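Notes to accompany the following structure.
These figures come from a predicted structure and were not determined experimentally. Below, all heavy atoms of this structure are taken into account, side chains as well, without hydrogens, waters or symmetry copies. Just so you know, residue 1 is the first one in the sequence shown, and it goes up from there.
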Amino acid sequence: MHNRPLGRSDLSVSEIGYGAWGIGAAGWSGATEDESVRALHRAVDLGVNFVDTARGYGESERIVGRVVRERSGDQVYVATKVPPKNGVWPAPGGVDPAETFPGAHIRASLETSLSASGLDHFDVLQFHVWSDEWVGRGDWLETVADLKQRGLIRLFGVSVNDHRPESALALVRSGVVDTVQVIHNIFDQSPADALFPACEEHGVGVIVRVALDEGGLTGRVTAGTTFPEGDFRARYFRDDRPARVQRHVEAITADLGITTDDLAETALRFVLSAPAVSTVIPGMRTVRNVERNAAVGDGRPLSPEQLAVLAKHRWERNFYS
């Protein structure tokens, strides 16, 4: 497993990280705790050393903490997230940071996360939504500085609003953030326009989520695909989106001369071909998925020719509206 620096920090993280939303049984169907624990242990066996969870991911923090404590001899970095106090996703304009991330709320959320996980600190504490209107306002920054000073967190980051990478540019340029987590994949290549260059310039680590488009870039979503009630993918792949995804996937595989079975690997290598990216965090609820994805962390990017082909498959933002 190849590692990369997490921005300007002294953390060296595995190219393939572990996205732990799905193992918390909150918004995803099909996860079992026993299998999730086996999958996370297998990931650590294979060199995965970065796990991303959140206060809002059901039982995820508890499960992650259990495995990390069981693997006390291994260096595993854990990132979690503070939900906005007002409970609004994504962050709308015109909202004061006192409504979303006041200091008391940040501290209380972190205390709950530490208790749930059984850990004594988190390596990255992220705000689960962000608005650049909050730069220089509120008491969140002094709170973060105090939590760092007390050793309860090592780094501070934000999870950038879906498909809006420009909404964190002012924060990155301010120099006060250590990491950003952002959607980046073959379909949504917009972070490469301005966010990635800014992160490279200011030494901000990039954590990529949704590299497989919630399953769309695995080749397993087709025109007839449906998901159980309560599974967020039922909303994500609503209306005619499964059929549109299938058409785009068929075009990608034809243009690259690959099979559908090769698509997930290609999608992960696409993300890791961006020098700004520190780690990518696919969701991995089974040992099989862990072994498949971890094998991609071998430091081998796509060729310039392959990247040029994939550049043509970028979607416009209105696809996600």
Practice task
Kindly indicate, with the supporting measurements, whether the criterion side-chain contact (heavy atoms from CB on, under 4.5 Å) is fulfilled by D255 and I252.
Solution key: CA-CA 5 Å; D255 286 352; I252 290 169; 6.0 Å; no
Handout entry: Atom CZ of R288 with >12 non-hydrogen neighbours under 6.0 angstrom
Key = no
Problem - Sub-4.5 Å side-chain heavy-atom contact between E250 and V245 - result: no
Practice task
Go through the steps for D298 and R269 under the test salt bridge (charged side-chain N to carboxylate O under 4.0 Å, His left out), then give the verdict.
Solution key: CA-CA 10 Å; D298 56 8; R269 292 194 187 281; 2.7 Å; yes
Problem - V51 vs Y77 side-chain heavy atoms within contact, under 4.5 Å - result: no
Fill in the blank from the handout: Nearest heavy-atom contact between R107 and D146 is NH1-OD2, 2.8 Å
Problem - Heavy-atom side-chain proximity of N86 to H105 below 4.5 angstrom - result: no
Handout entry: Chi angles and distances behind the side chain to side chain donor-acceptor pair (under 3.5 Å) call for R173, H202
Key = CA-CA 7 Å; R173 292 166 178 162; H202 295 277; 5.3 Å; no
Completion exercise
Output for pair (R66 CZ, E70 CD), nearest 0.5 Å, gives 5.0 Å
Handout entry: D188 and R164: CA distance, side-chain angles, deciding distance, salt bridge (charged side-chain N to carboxylate O under 4.0 Å, His left out) verdict
Key = CA-CA 10 Å; D188 185 353; R164 294 295 305 274; over 6 Å; no
Exercise for the section: Kindly determine whether D10 and R154 satisfy salt bridge (charged side-chain N to carboxylate O under 4.0 Å, His left out), including the steps that lead there. Expected result: CA-CA 10 Å; D10 60 356; R154 297 178 66 173; 3.4 Å; yes
Practice task
Give a yes or no answer on whether the side chain of D262 reaches the backbone of T259 with a donor-acceptor pair at less than 3.5 Å.
Solution key: yes
Exercise for the section: Give a yes or no on whether the backbone of V95 and the side-chain of W134 come within a donor-acceptor separation of less than 3.5 Å. Expected result: yes
Exercise for the section: Measure the shortest side-chain to side-chain distance between S14 and N3 over non-hydrogen atoms and say whether it is less than 4.5 angstrom. Expected result: yes
Problem - Straight-line distance of L125 CG to S113 OG, nearest 0.5 Å - result: 7.5 Å
Handout entry: Residue pair K81, D52: steps toward the side-chain contact (heavy atoms from CB on, under 4.5 Å) verdict
Key = CA-CA 9 Å; K81 306 181 191 73; D52 177 81; 2.6 Å; yes
Practice task
State yes or no: do V158 and F50 share one hydrophobic cluster built from I, L, V, M, F, W and Y residues joined by side-chain heavy-atom distances below 4.5 Å, directly or via other members?
Solution key: no
Problem - Gap separating the CD1 atom of I258 from the CD atom of Q306, nearest 0.5 angstrom - result: 8.0 Å
Problem - Short side-chain to backbone donor-acceptor contact, D132 and L169, under 3.5 Å - result: yes
Exercise for the section: Report yes if the distance between the aromatic ring centroids of H163 and F187 is under 6.0 Å, otherwise no. Expected result: no
Handout entry: Gap between atom CG of L110 and atom CZ of R55 - 0.5 Å precision
Key = 10.5 Å
Practice task
Kindly say whether V76 contributes a backbone atom to a donor-acceptor pair with the side chain of N49 at under 3.5 angstrom?
Solution key: no
Practice task
Check whether any side-chain heavy atom of T179 lies under 4.5 Å from a side-chain heavy atom of V206, and answer yes or no.
Solution key: no
Practice task
For S109 and V82, indicate whether the former's side chain and the latter's backbone hold a donor-acceptor pair under 3.5 Å.
Solution key: no
Handout entry: Salt-bridge contact R220-D261 (side-chain N to carboxylate O under 4.0 Å)
Key = yes
Exercise for the section: Please say whether more than 12 non-hydrogen atoms of neighbouring residues, nucleotides or ligands are located less than 6.0 Å from NZ in K148. Expected result: yes
Handout entry: Nearest non-hydrogen partners of S278 and V13, listed with the distance
Key = O-CG2, 3.9 Å
Exercise for the section: Please answer: with hydrophobic residues joined when any side-chain heavy atoms are less than 4.5 Å apart, are V48 and I63 in the same cluster? Expected result: yes
Exercise for the section: Looking only at non-hydrogen atoms, find the nearest pair between F237 and G215 and report the distance. Expected result: CZ-C, 4.4 Å
Handout entry: Side chain proximity check, R209 to S159, heavy atoms < 4.5 angstrom
Key = yes
Practice task
Please report the closest heavy-atom contact between A267 and L212, naming both atoms and the distance.
Solution key: CB-CD2, 3.7 Å
Completion exercise
G47 and M1 have their tightest heavy-atom pair at O-CG, 3.5 Å
Problem - Evaluation steps, side-chain contact (heavy atoms from CB on, under 4.5 Å), between Q126 and T80 - result: CA-CA 6 Å; Q126 305 160 96; T80 195; 5.9 Å; no
Practice task
Output, in order, the C-alpha distance, side-chain angles, deciding distance and verdict of side-chain contact (heavy atoms from CB on, under 4.5 Å) for V68 and V78.
Solution key: CA-CA 8 Å; V68 171; V78 181; 3.7 Å; yes
Exercise for the section: Could you tell me whether a side-chain N or O of R137 sits under 3.5 Å from a main-chain N or O of E133, the two making a donor and an acceptor? Expected result: yes
Exercise for the section: Indicate, with yes or no, if V64 and V124 share a hydrophobic cluster defined by side-chain heavy-atom contacts under 4.5 Å among Ile, Leu, Val, Met, Phe, Trp and Tyr. Expected result: no
Problem - Check: F156 ring centroid to F127 ring centroid under 6.0 Å - result: yes
Exercise for the section: To the nearest 0.5 Å, tell me how far L307 CG sits from Q189 CD. Expected result: 9.0 Å
Practice task
Could you tell me whether the side chain of H184 and the main chain of P191 form a donor-acceptor pair under 3.5 Å?
Solution key: no
Exercise for the section: Keeping the roles fixed (side chain from E61, backbone from A116), state whether a donor-acceptor pair exists under 3.5 Å. Expected result: no
Practice task
Give a yes or no on whether the backbone of G17 and the side-chain of T279 come within a donor-acceptor separation of less than 3.5 Å.
Solution key: yes
Practice task
Say whether, by atom type as modelled, one donor and one acceptor occur between the side chain of S115 and the main chain of E111 under 3.5 angstrom.
Solution key: no
Handout entry: Check ion pair R42-E291 (N to O, under 4.0 angstrom)
Key = yes
Handout entry: Flag side-chain contact, heavy atom, 4.5 Å: H121 against I153
Key = no
Practice task
Indicate if F101 and V176 have the same hydrophobic cluster label, given that clusters are the connected sets of ILVMFWY residues with side-chain heavy-atom separations under 4.5 angstrom.
Solution key: yes
Practice task
Give, for atom CZ of F122 and atom CG of L114, the distance between the pair rounded to the nearest 0.5 Å.
Solution key: 5.0 Å
Practice task
Indicate the atoms forming the closest heavy-atom contact of N293 with G283, along with that distance.
Solution key: ND2-O, 4.4 Å
Handout entry: Note, T253 side chain near H248 side chain (heavy atom, < 4.5 Å)
Key = no
Handout entry: Single-linkage hydrophobic cluster I23~V287, side-chain heavy atoms < 4.5 angstrom
Key = no
Problem - Stepwise ring-ring contact (aromatic ring centres under 6.0 Å, His included) test for W140 and W130 - result: CA-CA 12 Å; W140 60 267; W130 179 253; 5.3 Å; yes
